[in-house]
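Each chain gets a letter, A, B and so on, in the order the sequences are listed, and its residues count up from 1.
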There are 2 protein chains.
Amino acid sequence: MLGAMKEPRWLDSSQQRHWRAFVEGSVRLHDLMDRDLKAKHGLSESEYEILVRLSEAPEMRLRMAELAESASQSRSRLSHTCSRLESKGLVRRATCPGDKRGVYAHLTDEGYSALQRAAVDHVEVARDFFIDVIDPADLEAIGRAFTAVTRRIGEVR
Amino acid sequence: MLGAMKEPRWLDSSQQRHWRAFVEGSVRLHDLMDRDLKAKHGLSESEYEILVRLSEAPEMRLRMAELAESASQSRSRLSHTCSRLESKGLVRRATCPGDKRGVYAHLTDEGYSALQRAAVDHVEVARDFFIDVIDPADLEAIGRAFTAVTRRIGEVR
DNA sequence: TCAAGGTAGTTGAATGTTCAACATGTGAAC
DNA sequence: GTTCACATGTTGAACATTCAACTACCTTGA
């Protein structure tokens with residue numbers, strides 16, 4: 001009897017339309033940006049994200065766990081990705097003075113300049129295919145909406 | 001001299017905020033839904049997408065190329081994924097009468113009922129973490145915006 | 001009718017990602 | 001100060017995706 005309480009509450013047709021539009025658009029946009037980044041700079045989106053986060057951190061370094069969290073990646077994935085970035089010379093690992101378990105990922109100078117180059121193109125694409133085709137008021141709505149989504153997801157862990 | 005024309009046109013700070021909010025929110029949402037689907041139904045998002053498209057097609061079948069296009073996947077990826085779905089018994093392949101190169105992917109009865117079950121939960125999650133936390137007017141804005149994004153991407157292939 | 005070029009789909013190897021197990025270190029309780 | 005639970009980060013194997021051939025078939029046109 002209890003199980004039966006969970007009746008499917010379907011979306012109404014306009015909700016469904018909007019939801020679908022979002023899913024399709026965001027998948028295609030992500031694909032496009034990913035391809036572009038890889039073709040022009042040999043970086044995957046997750047590698048790029050890591051460089052961005054490091055570049056914004058104080059002293060351009062972060063603990064692995066913080067970096068994983070801020071780049072929305074699992075620790076394992078970060079560890080592998082970081083090894084790749086390290087072998088490309090864009091990132092360097094160093095042990096953490098206070099906590100011997102800890103590891104800092106540092107952005108190297110080479111990493112910084114690779115990021116600079118990539119960011120210019122990345123923003124260009126974001127502009128061409130996202131910012132510039134969206135009405136400014138709708139862009140604000142997007143900001144509000146996704147902030148709420150992130151907050152909601154944070155509530156449950 | 002020509003190369004120098006491409007000056008970085010950075011985003012202004014509110015554009016940047018909205019863009020970031022979107023990237024973060026959509027990554028987290030995608031992650032959440034992916035995990036949920038896999039945990040409860042053993043399906044990846046791309047497998048789910050394939051089942052959805054098939055279920056909506058006339059006679060619940062599509063040519064591989066059409067399916068790839070509508071699920072935004074490469075043909076190679078579809079081919080592999082389809083093999084997995086076939087071995088789970090959710091999809092069945094059949095040669096195409098008119099065109100001997102062609103292959104139809106059919107949704108099986110088992111596939112249809114697996115999809116039904118998954119869809120109920122999927123919608124529930126979409127509602128909990130997306131639809132229900134977004135102001136209806138903002139949701140409309142999202143629909144408009146991402147429709148425009150998809151159109152723009154379509155212009156360049 | 002047959003050669004040339006295009007399309008459909010699959011394959012296998014290289015590459016990335018996930019998952020569970022592990023090694024190491026910390027910190028709090030006793 | 002030893003023990004126990006927990007946290008950090010890495011590893012390797014299983015799994016998924018991408019990329020570049022490749023097979024088979026269709027279409028066009030001379």
Rounding to an integer number of Å, can you tell me how far A:Lys100 NZ sits from D:dT8 C1'? 15 Å

A:Glu45 CD to D:dT17 P, straight-line distance once rounded to whole Å: 17 Å

Is any side-chain nitrogen or oxygen of B:Ser76 closer than 4.0 Å to OP1 or OP2 of C:dT11? no

Rounded off to whole Å, could you give me the CG-to-C1' distance for the A:Leu67 and D:dT10 pair? 15 Å

With the side chain defined as heavy atoms from C-beta on, B:Ser79 is closest, among D:dG9, C:dG25, C:dT10, to C:dT10

Side-chain N or O of A:Arg84 closer than 4.0 Å to phosphate OP1/OP2 of C:dT17: yes

Rounded to the nearest angstrom, tell me the gap between atom CG in A:Leu78 and atom C1' in C:dG16. 14 Å

Of B:Arg101 and A:Val103, whose nearest nucleotide on DNA chain D comes first from the 5' end? A:Val103

Residue A:His80, side-chain atoms from C-beta onward, closest of D:dG12, C:dG25, D:dT8: D:dG12

Distance test, side-chain N/O of B:Thr81 to OP1/OP2 of D:dT17, below 4.0 Å: yes

Nearest-nucleotide check on DNA chain C, A:Ser46 vs A:Asp99; residue mapping nearer the 5' end is A:Ser46

Are there more than 12 heavy atoms of other residues, nucleotides or ligands under 6.0 Å from atom CG of B:Asp109? no

Are any of B:Arg77's side-chain N or O atoms less than 4.0 Å away from OP1 or OP2 of D:dC19? no

Hey, does the side chain of A:Arg93 come within less than 4.0 Å of D:dT8's phosphate (OP1/OP2), counting only N and O? no

A:Val103 to A:Cys96 - nearest heavy-atom pair and separation: N-CB, 4.1 Å

Hey, does the side chain of A:Arg75 come within less than 4.0 Å of D:dT8's phosphate (OP1/OP2), counting only N and O? yes

Minimum heavy-atom distance between B:Ser26 and A:Phe22, given as atom pair plus value: CB-CZ, 4.0 Å

Just N and O in the side chain of B:Ser74: are any of them under 4.0 Å from OP1 or OP2 of D:dC19? no

Judged by nearest nucleotide, the residue sitting upstream toward the 5' end of DNA chain D, A:Arg35 or A:Glu66, is A:Glu66

